[in-house]
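Data block below; observations after.
Heavy-atom basis, side chains included; hydrogens, waters and symmetry copies ignored. As the structure lists them, so they are numbered: ligands from 1, and atoms in each ligand from 1. We count residues from 1, following the sequence as given.
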Amino acid sequence: MEKYYITTPIYYASGTLHLGHCYTTVLADCVARYNRSIGRDVFFLTGSDEHGLKIETNAKAAGLSPQGFVDKIVDGFKDVWRALNITYDKFIRTSDASHMELVKKIFKKLYDQGDIYKGEYKGLYCVPCETYFAQSDLVDGKCPDCGRPVSKVSEPCYFFRLSKYQKWLEEFYESHPDFLVPEARKNEIFNNFIKPGISDLCVTRTTFDWGVKVDFDTKHVIYVWIDALLNYISAIGYGSEDEKTFQKYWPADIQFIGRDITRFHAIIWPILLHAIGLPMPKLLHSHGFVTQKGDKISKSKGGGFDPITLCNRYGADAVRYWLIKDGPIYQDAPYTSELFIKTINSDLCNNLGNLLSRTLAMIEQNFDSVPKADVVDKDVDNPLIDRINNLDSKIREAMADARIDLAINEIFALVADANKYVDVTMPWALSKNKDMKRLSTVLYNLYFALGSVAYHLQSFLPDTAAKMASMLAQKDLAKFKEYNTKLYGAKVSKGEALFARLNVEDELKYLESIDPKAAKVEQQAETVNLITIDDFDKIDLRVGQILDSEKIEGSDKLLKNTVKIGDETRIIVSGIAKYYNPKELVGKSCVVVTNLKPIKLRGVESRGMILCASDDDGNLKIICPDGDIKSGGQVN
Ligand code: MSP
């Protein structure tokens, strides 16, 4: 049996999970279920990341020991995964003794082989993100990832000699162009973080206690990211007495991660594996964020309804469906309660639920059981039958690239076709006219189409598939894999609606009542970008021409540009050095905000801002007028 090893990131046990967190794990669960359904021997891993200063601090604030605190949080994680029907095979905790043993062992091995050395770390650290930054990484002096203040730290520490593996990593990416998807994110990591040079990484801390200690220098706690990344191999027994599971499942076939943790997985993780002599995972799948107010959902910003509450009220499959259909497979995607409720109503309740109840009602009203297909109208029937028969290969194709979104859309394309089939064949008219022979075929085909939907939904919406199986009176949904005319005679039962129709207003009120803070963030989402024309008029935008551009010494982000705006020439500093070679910019037109307060960056006074457009895939371009406009020209 072919093995298939799937991992999710391990979640920080510093607080509860929100809907955004659930995205990664729901994706992974769909992939796990799908691969099991095609006969693979799946190992699906998730878990908790339990060490670090943030957890130590949160535990203290809660009046608990760190271990007592994470135990409670982890119980909560498991409740969320239960509510969402997540079928993980193992839940790894970084506080597991076997995991901690392995972390120590690998640290020692890397030290012994010269990959880790002792030095002095001076720099900046973001506690919530557990990440060190160089001054030039900061945005407005704050953490570039979470926007919170960073702390200055200076301490003896052990460094991981990542720089030694620079060439190897570059060659690895060049020879494995499909290692990291989406491609744009891979390019961003490669061009902006690998190519310019990888620095050695400080991999221990001495300012807190809660973590895995370096056993030959116990003042030092191993950096949480080294500790955390190793979960993917400790969980399957690497380095233990019995490595059978590890031998069977490593390398991972797919590792799901969010875009915020891609750098760690795309640089440190491959180097770590290579340094200890292990093969690389086959695929890193990096998704975007579920956003609210244009920002990553995050508890600290008040966002995100509780996933368990949503599952209890709307069913796990409603939450799963919304996440996989409209979620951020590659690009960020916004969540609003209104979108969520409307999607349930239109796709699940109307398109699927109504089709099912109408079909079953017509079978019950006109026949004893599912009728035998009789009179065929090839022109009308065959497109539906073809869609049923092609579905398996279309889903296989989508799932080979982990495109869960495309797979679910294929299933709902069959639902849409079946609804069109009802419109064209008009079974109620056939019944009225007593054309029972044609009616038999039409209802049989609809029955089969619904069976096919249920069969394929098993990997994505398991509760719905099971309910449908019982309503369709077929225990073994695999019978619907390929169209045939043998499944007549089943005693269907219409039962309750698959998804209850929701009143949008009532539900929005309900959601507001259960979590006013999350609802408030959401409401702001709709109005936050609205400004008046007077606000806009306050900004003086002009066309400028870049006369010269040069790098600012000591910064890998900033360019000092000399820009002509009408008769005036100004210096404008912009953070675009990673995207443009200064020479490329000379002569280009651009759009400048001219009335920004001057600011000193790296000792250079900047007067204004050059406008740029960027996307989630890491592309950035300066904005230019579409044709010749003299410098100084107004932009409005
Ligand atoms: N502990 C680290 C991962 C270590 S893996 C060796 C971590 N934990 S986390 O709890 O902060 O995030 C877990 C996952 O949830 C990450 O993949 C992250 O990208 C994802 N998400 C957190 N918020 C999210 C959204 N709003 N939207 C989509 N995914 C998000 O990072």
Protein contact of atom 19 (O) of ligand 1 - nearest heavy atom, named by residue and atom, plus distance: Asp260 OD1, 2.5 Å

In terms of ring plane angle, is the pair Phe179 and Tyr173 parallel, tilted or perpendicular, where the classes change at 30° and 60°? perpendicular

Can you confirm whether or not the ring centre of Tyr223 sits under 6.0 Å from the ring centre of Phe160? no

Measure from NZ or CZ of Lys54 to the centre of the six-membered ring of Tyr12 and say whether it is under 6.0 Å with the direction within 45° of the ring axis. yes

Kindly assign one of parallel, tilted or perpendicular to the pair His51 and Trp210, based on the angle between their ring planes and the thresholds 30° and 60°. perpendicular

Below the 3.5 angstrom mark, is there an N/O of Trp225, backbone or side chain, next to an N/O of ligand 1? no

What protein heavy atom sits nearest atom 5 (S) of ligand 1, and how far off is it? Tyr232 OH, 3.4 Å

Got the closest protein heavy atom to atom 12 (O) of ligand 1, with its distance? His21 CD2, 3.9 Å

Which protein heavy atom lies closest to atom 20 (C) of ligand 1, and at what distance to 0.1 Å? Thr24 OG1, 3.9 Å

Using a strict threshold of under 4.0 Å (side-chain N to carboxylate O), is an ion pair present between Asp29 and Arg320? yes

Is Gly258 in polar range of ligand 1, meaning some N or O pair under 3.5 Å apart? yes

What's the shortest distance from atom 28 (C) of ligand 1 to any protein heavy atom, and which residue and atom give it? Gly20 O, 3.3 Å

Give the residue, atom name and distance (to 0.1 Å) of the protein heavy atom nearest atom 2 (C) of ligand 1. Ile10 O, 3.4 Å

Pairs of nitrogen or oxygen atoms closer than 3.5 Å, one from Tyr11 and one from ligand 1: do any exist? no

Strictly below 4.0 Å, N to O, side chains only: are Asp75 and Lys78 in salt-bridge contact? no

Would you say Glu50 and Ser48 are linked by a side-chain donor-acceptor pair, where the criterion is simply a distance under 3.5 Å? yes

Do Tyr249 and Leu45 have side chains that approach each other closer than 4.5 Å (heavy atoms only, starting at C-beta)? no

Would one find an N or O of Val290, backbone or side chain, under 3.5 Å from an N or O of ligand 1? yes

Is it true that Ser14 lies under 4.0 Å from ligand 1, counting heavy atoms only? no

Aromatic ring pairing Trp168/His274, orientation class (parallel under 30°, perpendicular over 60°, tilted between): parallel

For atom 31 (O) of ligand 1, what is the closest protein heavy atom, and at what distance to 0.1 Å? Ile261 CG2, 3.4 Å

Atoms of ligand 1 under 4.0 Å from any heavy atom of Ala228, numbered from 1 in the order shown, are 6 (C)

With a cut-off of 4.0 Å, which atoms of ligand 1 are near a heavy atom of His18? 23 (N), 24 (C), 26 (N)

When you measure from the centre of the six-membered ring of Phe44, is the NZ or CZ of Arg36 closer than 6.0 Å and no more than 45° off the axis? no

Numbering as shown, the atoms of ligand 1 that approach His287 to under 4.0 Å (heavy-atom distance): 28 (C), 29 (N)

What protein heavy atom sits nearest atom 11 (O) of ligand 1, and how far away is it? Tyr12 CD1, 3.3 Å

Angle between ring planes, His18 versus His21, binned at 30° and 60°: parallel, tilted or perpendicular? parallel

N/O separation below 3.5 Å, Asp49 to ligand 1: yes

Atoms in ligand 1 with a heavy atom of Gly288 nearer than 4.0 Å: 28 (C)

